[in-house]
Amino acid sequence: MDERMLQQSGSAGNAVYQQLKQQIVNLDLPPGTALSEKETSLTFQVSRTPVRESFVRLAQEGLVLVLPQRGTRVSLIDSDMVEEARFMREQLEKAVIRLACEAFPDDKLSALESNLAEQQQAIRQHDGKRMFELDEAFHRILFEGCSKSGTWNVIQQMNAHLNRTRVLWLWTDPHWELLYEQHQDMFLAVKKRDADQAESIMQEHMRLSIANLPVLKARYPEYFK
């Protein structure tokens with residue numbers, strides 16, 4: 001971890017936390033992976049204190065389990081937490097896209113259009129990590145355009161289990177065109193200010209993640225609680 005990253009993150013503890021969370025969500029650290037304070041501190045070139053702080057924060061979000069005498073592990077995916085996060089996110093996403101249809105800044109509309117072009121490129125290159133990042137960015141732009149960035153940040157506190165299933169599905173299903181088409185249809189609905197159409201597409205889009213859950217649990221049983 002370089003000095004610039006530490007400065008940007010505000011503290012060593014926050015930088016370690018952000019990096020570990022990203023690795024867990026991206027499944028670079030799969031469910032069940034053992035985590036060592038010592039090894040993590042060496043990897044990030046920090047003392048054990050910020051690592052310990054990061055583990056505590058991740059535990060509060062349900063992403064790691066700190067077990068006395070047994071060490072720390074990346075938590076298994078909790079289906080109940082996946083469903084609860086989807087429920088919360090669906091309600092907020094539908095409300096926000098209706099707001100977007102009432103008024104949405106031109107620069108954010110252009111940002112959505114650029115994001116869609118990048119999604120097409122990610123599909124052509126079959127870049128799953130990039131596709132996930134762009135999917136998240138598309139939704140974040142909607143919230144930003146409606147002056148609801150704080151709401152988006154709250155969502156992130158509950159979103160990690162859901163996001164792991166979304167990443168897992170990108171691994172499992174190589175056909176990502178439906179995700180792109182739904183995003184494109186949402187963009188067009190916002191552009192036309194068709195709130196009912198936009199909300200309907202958003203609802204269908206958000207329910208994809210839970211619809212795929214039985215397939216994922218059957219294919220990756222070791223990843224689920």
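All residue numbers in this chain count up from 1 along the given sequence.
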Residues Glu61 and Lys21 bridged, charged N to O under 4.0 Å: yes
- prompt: Under 4.0 Å between a Lys/Arg side-chain N and an Asp/Glu carboxylate O for Glu144 and Arg140?
  reply: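 Yes, this pair counts.
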Roughly how far, to the nearest 0.5 Å, is the [atom2] atom of [Y] from the [atom1] atom of [X]?
{"X": "Leu27", "Y": "Arg166", "atom1": "CG", "atom2": "CZ", "result": "12.0 Å"}
{"X": "Arg86", "Y": "Leu208", "atom1": "CZ", "atom2": "CG", "result": "11.0 Å"}
{"X": "Leu162", "Y": "Glu83", "atom1": "CG", "atom2": "CD", "result": "9.5 Å"}
{"X": "Ile201", "Y": "Asp185", "atom1": "CD1", "atom2": "CG", "result": "4.5 Å"}
{"X": "Leu142", "Y": "Lys108", "atom1": "CG", "atom2": "NZ", "result": "10.5 Å"}
{"X": "Leu76", "Y": "Leu63", "atom1": "CG", "atom2": "CG", "result": "12.0 Å"}

Grab the two heavy atoms, one from [X] and one from [Y], that are nearest each other, plus how far apart they are.
{"X": "His205", "Y": "Leu179", "answer": "CE1-CD2, 3.8 Å"}
{"X": "Pro31", "Y": "Arg164", "answer": "CG-NH1, 3.7 Å"}
{"X": "His161", "Y": "Gly62", "answer": "NE2-O, 2.9 Å"}
{"X": "Ala195", "Y": "Cys101", "answer": "CA-SG, 3.6 Å"}
{"X": "Gly145", "Y": "Pro105", "answer": "O-CD, 3.2 Å"}

For [X], does the [atom1] atom have more than 12 heavy-atom neighbours from other residues, nucleotides or ligands under 6.0 Å away?
{"X": "Glu39", "atom1": "CD", "result": "no"}
{"X": "Asp107", "atom1": "CG", "result": "yes"}
{"X": "Glu84", "atom1": "CD", "result": "no"}

- request: Take His126 and Trp176 through the test ring-ring contact (aromatic ring centres under 6.0 Å, His included) and record every step on the way to the result.
  value: CA-CA 9 Å; His126 201 69; Trp176 305 336; 4.4 Å; yes
Is there a continuous path of hydrophobic side-chain contacts, each under 4.5 Å between heavy atoms, that joins [X] to [Y]?
{"X": "Val190", "Y": "Leu99", "value": "no"}
{"X": "Phe187", "Y": "Met131", "value": "yes"}
{"X": "Phe132", "Y": "Leu178", "value": "yes"}
{"X": "Trp152", "Y": "Leu92", "value": "yes"}
{"X": "Met186", "Y": "Leu188", "value": "yes"}

With a 4.5 Å limit on heavy-atom distance, are the side chains of [X] and [Y] in contact?
{"X": "Phe55", "Y": "Val51", "result": "yes"}
{"X": "Ser75", "Y": "Met81", "result": "no"}
{"X": "Arg57", "Y": "Asn14", "result": "yes"}
{"X": "Phe224", "Y": "Val82", "result": "no"}
{"X": "Arg89", "Y": "His139", "result": "yes"}
{"X": "Ile24", "Y": "Val64", "result": "yes"}
{"X": "Trp169", "Y": "Val215", "result": "yes"}
{"X": "Glu136", "Y": "Val25", "result": "no"}

query: Would a distance-only check, ignoring hydrogens and angles, find a side-chain to backbone donor-acceptor pair under 3.5 Å from Ser114 to Ala111?
result: no
- prompt: Can you tell me if Asn26 uses its side chain to pair, donor with acceptor, with the backbone of Asp28 under 3.5 Å?
  reply: no
- prompt: Side chains of Glu53 and Tyr17: do they bring a donor and an acceptor to under 3.5 Å?
  reply: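 Side chains of Glu53 and Tyr17: no pair found under 3.5 Å.
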task: Go through Leu29 and Leu35 one step at a time and tell me if the side-chain contact (heavy atoms from CB on, under 4.5 Å) criterion holds.
output: CA-CA 9 Å; Leu29 291 173; Leu35 298 174; 4.1 Å; yes
message: Working note: Cys146 + Phe104, criterion side-chain contact (heavy atoms from CB on, under 4.5 Å); need CA distance, chi angles, decisive distance, verdict.
response: CA-CA 7 Å; Cys146 297; Phe104 201 71; 4.2 Å; yes
Stepwise side-chain contact (heavy atoms from CB on, under 4.5 Å) check, Gln19 with Ser54: CA-CA 10 Å; Gln19 285 290 298; Ser54 300; over 6 Å; no
- prompt: Under the salt bridge (Lys or Arg N to Asp or Glu O under 4.0 Å) criterion, do Lys94 and Glu90 qualify, and how do the steps go?
  reply: CA-CA 6 Å; Lys94 289 193 300 182; Glu90 180 183 321; 3.7 Å; yes
- request: Using the side-chain contact (heavy atoms from CB on, under 4.5 Å) rule, take Asn115 and His183 through it: C-alpha gap first, then chi angles, then the decisive distance, then the call.
  value: CA-CA 10 Å; Asn115 179 283; His183 287 143; 5.6 Å; no
